[in-house]
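What you see below is based on every heavy atom in this structure, not just the backbone, and it leaves out hydrogens, waters and symmetry mates.
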Amino acid sequence: MSAHMFLPTTSNLPVPRSAPGRSRTRVTPGRPKREWGSSPREGERLRPLTRGQVEDRLQELGDLYAEFSGVGPWAWNEARAAFLRYLAADARRPGFSLLIAETTVLTGYAYGFPVGGAGPWWAGFDGHVRGSLLRRVAPGRLFVVSGIVVASHVRREYQDRAWNLARRLQRRLLADHGAALGVTLVEARDDGIVETLRSWGWRSAADGTLRAVPPGSCRVLVLTAGT
């Protein structure tokens with residue numbers, strides 16, 4: 001099972017596309033675009049879930065993913081079921097962690113798992129990343145971010161602000177595990193997800209001193225801790 005990044009607006013997942021002419025994101029009508037519109041300071045708090053809590057709330061997590069995907073009612077169940085299969089597979093990985101954002105209700109979450117120097121944890125990255133990436137990060141300080149599930153306004157507004165909910169979630173995930181670098185895979189054709197991740201501080205592993213193996217079906221993106 002490969003560890004591709006899951007965002008609820010991408011087409012790189014086994015999720016049905018919306019009908020032609022329909023937006024794949026859900027926008028709340030009349031929502032004001034205010035300076036602090038995406039700020040967790042307005043009530044969103046972050047906390048990790050235990051494995052047992054993740055299992056207990058799988059249905060709720062799947063519902064939120066499907067809602068934020070913006071798919072129509074005809075595709076809701078298929079989108080939700082496909083996503084939950086991937087989430088359940090990731091949850092079995094050693095060190096898996098899921099961090100939720102909530103007010104009185106669940107508003108978003110992010111998840112992933114730490115990796116070491118070799119072994120099955122690297123499944124899905126084989127052939128995409130040169131050994132130089134691993135050599136630059138101390139063992140145990142590389143963290144795979146598998147999914148970030150946030151509302152459309154978080155993806156569109158104030159992406160460069162430190163308080164943007166997606167940035168806060170990904171930063172906390174790395175900090176909780178003492179990771180120096182986050183890493184994820186994105187399918188090469190999915191320019192939309194790459195653009196979104198770059199707006200949150202991710203960069204291509206091919207930029208600067210980190211190199212990816214070209215050509216390939218996937219792009220490798222990395223995130224420096226604290227970003």
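- Counting only distance, with no hydrogens or angles, the side chain of Gln170 and the backbone of Trp200 share a donor-acceptor pair below 3.5 Å.
- With sequence neighbours left out, the side chain to side chain donor-acceptor pair (under 3.5 Å) criterion links Asp63 to Arg80.
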task: Kindly determine whether Leu185 and Val220 satisfy side chain to side chain contact (heavy atoms under 4.5 Å, CB included), including the steps that lead there.
output: CA-CA 5 Å; Leu185 283 180; Val220 181; 3.6 Å; yes
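- When every heavy atom of Asn164 is checked against every heavy atom of Val154, the shortest pair comes out as ND2-O, 3.0 Å.
- Note that CG of Leu7 and CD1 of Ile193 are 4.0 Å apart. Values are rounded to the nearest 0.5 Å.
- The side chain to side chain contact (heavy atoms under 4.5 Å, CB included) search around Glu55 returns none, not counting sequence neighbours.
- In this structure, Thr184 contributes its side chain and Leu221 its backbone to no donor-acceptor pair below 3.5 Å.
- With Thr196 contributing its side chain and Gly192 its backbone, the two residues share a donor-acceptor pair below 3.5 Å.
- Contact record, Leu61 with Phe83: O-CE2, 4.2 Å, taken as the closest heavy-atom pair.
- Judged purely by atom type and a 3.5 angstrom limit, Arg171 uses its side chain to pair as donor or acceptor with the backbone of Ala162.
- Note that CD of Glu67 and CG of Leu106 are 9.5 Å apart. Values are rounded to the nearest 0.5 Å.
- Enclosure of atom CD in Gln53 by more than 12 non-hydrogen atoms of other residues, nucleotides or ligands within 6.0 angstrom is indicated.
- Between the CE atom in Met5 and the CG atom in Leu197 there is a gap of 5.0 Å [rounded to 0.5 Å].
- For the pair Arg45 (side chain) and Thr103 (backbone), a donor-acceptor distance under 3.5 Å is present.
- Shown here for Pro114 and Gly95, the closest heavy-atom pair between the two residues is CD-O, 3.1 Å.
- Rounding to the nearest 0.5 Å gives a distance of 10.0 Å between CZ of Arg141 and CG of Leu174.
- Residues Leu169 and Val149 form no side-chain contact, since every pair of their non-hydrogen atoms from C-beta on lies 4.5 Å or further apart.
- Gly108 and Leu64 make their closest contact through N-CD2, 3.6 Å (heavy atoms, listed as atom of the first residue, atom of the second, distance).
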message: With salt bridge (Lys or Arg N to Asp or Glu O under 4.0 Å) as the criterion, how do Arg57 and Glu60 come out once you've worked through the C-alpha distance, each side chain's angles and the decisive distance to 0.1 Å?
response: CA-CA 5 Å; Arg57 299 184 68 171; Glu60 182 183 4; 2.9 Å; yes
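- Here Arg219 does not pair with Glu187 in a salt bridge; the nearest charged N to carboxylate O distance is not below 4.0 Å.
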- request: Could you check Ile100 against Leu46 for side chain to side chain contact (heavy atoms under 4.5 Å, CB included), going step by step and ending with a plain yes or no?
  value: CA-CA 6 Å; Ile100 65 170; Leu46 307 187; over 6 Å; no
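- Atom CD of residue Glu44 and atom CG of residue Leu165 lie 4.5 Å apart, to the nearest 0.5 angstrom.
- Scanning both residues, Tyr109 and Gly62, for their nearest heavy atoms gives OH-N, 4.4 Å.
- Of the inter-residue distances, the one linking Tyr158 atom OH with Arg167 atom CZ reads 15.0 Å to the nearest 0.5 angstrom.
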message: Would Leu173 and Ser97 count as a side chain to side chain contact (heavy atoms under 4.5 Å, CB included) here? Give the steps.
response: CA-CA 8 Å; Leu173 268 180; Ser97 178; 3.9 Å; yes
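- Residues Leu181 and Leu223 have side chains not in contact (no heavy-atom distance under 4.5 Å, counting atoms from C-beta outward).
- Among Tyr111, Phe113, Phe143, the one residue that satisfies the ring-ring contact (aromatic ring centres under 6.0 Å, His included) test with His177 is Phe143.
- Scanning all heavy atoms of the two residues, the minimum distance from Phe96 to Asp90 falls at CD1-O, 3.3 Å.
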Worked verdict on Arg198 versus Gln159 for side chain to side chain contact (heavy atoms under 4.5 Å, CB included): CA-CA 9 Å; Arg198 281 187 172 277; Gln159 301 98 320; over 6 Å; no
